[in-house]
Amino acid sequence: MLDFLGNLKRTHYCGALRASDEGRDVIVMGWVHRRRDLGNLLFLDVRDREGIVQAVFNKETQPAAHAKAEQARSEFVVAVEGKIVKRQKPNPDLATGEVDLVASKLHILNNAKTPPFLIEDEINVAEETRLRYRYLDLRRRKPHHNLVLRHQIILEIRKTLDEMGFIEVETPMLTRSTPEGARDFLVPSRIHQGQFYALPQSPQIFKQILMIGGLDRYFQIVKCFRDEDLRADRQLEFTQLDLEMSFPRQEDIFHVIENVMVRACAVAGIKAEAPFPHMLYKDAIRKYGSDKPDLRFGMELHEVTACFPDEAKTKLQIEGSVFALVAPGAANYSRKQLDEISEKARSLGARGAYFVKLTPEGVTSTVEKIIGTENAKKLADSCGAKTGDLVVAVSAKTQIKGTEAAALVAGQLRLQLGEALGLIDKTQWEFLWLTGFPLFEWSETDKQWVSSQHPFTGIVDEDLGKLESAPWEVRSKGYDLVLNGNELGSGSIRIHRQDIQERLFRALGLTEEQLRRRFGFFLDALTHGTPPHGGIALGIDRIAMLLAGEKSIREVIAFAKTTAAQDLMAESPSPVDNDQLDQLGIAIKEKKKAAE
């Protein structure tokens, strides 16, 4: 028979009890974590969000409570009344290990089925099972700790921005569809049949309008939605810190975000030091082969194209540049290991991988017969390689307009080799501001130059004259914040002048009709005295993931979706009744069957 809660009131959390509570009468409530029956003595470990306390039931002194405890099983919901006593032999593995709760009464408030996995700190269970039974998974200490940390990070962000004069403003969830780089989630209107709202990919236009509205400093912890393929650090719905400022210099925005991140890191016990270093985009690509370089280790890239004579380039089918890096202490790599690197390089887009080993016996190279002994030595010298090192050089199979394709391949090999060689110091927290991005990037799909960021990104003043004549040379006023090789977010100083905004739209090939249809209300707003403004958006999920030491943002989201875009617990997405579709004036088209 289950008990009612009635007027029973909890006095302490289980995990909060200490030796200083000795002699107190307490009432705790939670789940039965573990049960041990030793005959006259029965022990129930009772767990709540703060931890575990051991409750002792003595058959001789409290027979009724002991009899009730015999009915309890794992994950039953209970309330225990009793007195705190010091243990003769403390348990160092428990925060409450110096005390026991000697029970005088047990209330069984609810029973429970046998869970599909143990509620333990470390479990060997498929992620799909954990997500299907997320309400059980959340009882574990690690997921709970991650959500608490996320809460504390967001709270500290809000405190910091409030102290700096920012105003939190909510922007609409139901808005209009605008092109922002990914597919929109569309919401059909029942009232206006045949028309649709879109869930926001970001509050970009609204936050700029708030600057036109004179709010001066805005921020929001906001949900955003993008219908795109998922991965470890991406979800269909995600949370970002969104902020915007009027009349800012780039340095002003950097100062705000540095304050935010230093304090957010402190919440996780991590010391970050401001100001953060800066790097130009072109330097990051050439030095690290990435627009989000990991600075926790060296292995910088070196262009070694000059070490490959024209005849060698022809034989090796090399087009464009060749970039190389030094893998310290890897000269002893076997042929099999070199073949694995070559295979990986090809999977990343390399035409080929070329190796130079510096051993005590001398310099050897897999392409020595093609480029010559002197060029092999020159290649090693160009990279600063020492005895015992391995030099890895790559060329790219396909060239990419506006960037160094070979450097991008080498940059990915750098990360993999750095990890394999144990060169990455996981105790370091290396922030970086990346600036000097190109305004446009080449789209192979569209065969034209498209916006690298969104089409409201400001243009470096002295490059305005090249907007129509040489768009590939135009630099943006955009910037990214990077932490340990992860992009935390992007931002820019915006275009605040209508004439420049219209020039950019035309450069992107948008017609007047397209402009009015997609951005009409925003273009109208620009004509009513728009101040210079700029801002940034940081991924809260990614920040929480990194500060929690996790590898997937699903570990810091309460109810995450799988890489198949499903909520296994809520069984979403799901079909809806035809009546609902009829009210919206919508019919579902059947997928065409593949030809047999």
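Remember, predicted model here, so these are calculated numbers, not experimental data.
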(request) Apply the side chain to side chain contact (heavy atoms under 4.5 Å, CB included) test between Leu464 and each candidate in Val474, Leu504, Ile459; give the one that qualifies. (result) Ile459
(message) Quick check: closest heavy atoms across Ala272 and Phe431, and the distance to 0.1 Å?
(response) CB-CE1, 3.7 Å
(request) Could you verify whether a donor N or O on one side chain and an acceptor N or O on the other, from Ser490 and Asp480, lie under 3.5 Å apart? (result) yes
(request) Would you kindly check if the NZ (Lys) or CZ (Arg) of Arg249 is within the cone defined by 45 degrees around the ring axis of Phe254 and under 6.0 Å from the six-membered ring centre? (result) no
(request) Measure from the ring center of Phe238 to the ring center of Phe225 and say whether it is less than 6.0 Å. (result) no
(request) List the atom of Pro203, the atom of Asp242, and the distance in Å for their closest heavy-atom pair. (result) CG-OD2, 3.5 Å
(message) Whether Lys142 and Glu122 form a salt bridge (side-chain N of Lys/Arg under 4.0 Å from carboxylate O of Asp/Glu) is what I want to check.
(response) no
(message) Within the structure provided, determine whether Ser476 and Tyr281 are in side-chain contact (heavy-atom separation under 4.5 Å).
(response) no
(message) Any salt bridge linking Glu237 with Lys561? Criterion: basic side-chain nitrogen under 4.0 Å from a carboxylate oxygen.
(response) yes
(message) Please give me the minimum heavy-atom distance between Pro200 and Met173, naming the atom from each residue.
(response) CD-O, 3.0 Å
(request) For Thr403 and Ile285, work out which heavy atoms get closest and say how close. (result) OG1-CG2, 3.8 Å
(message) Closer than 4.0 angstrom, basic N to acidic O: yes or no for Arg47 and Glu75?
(response) yes
(message) Can you tell whether the side chains of Arg234 and Glu228 come within less than 4.0 Å, N to carboxylate O?
(response) yes
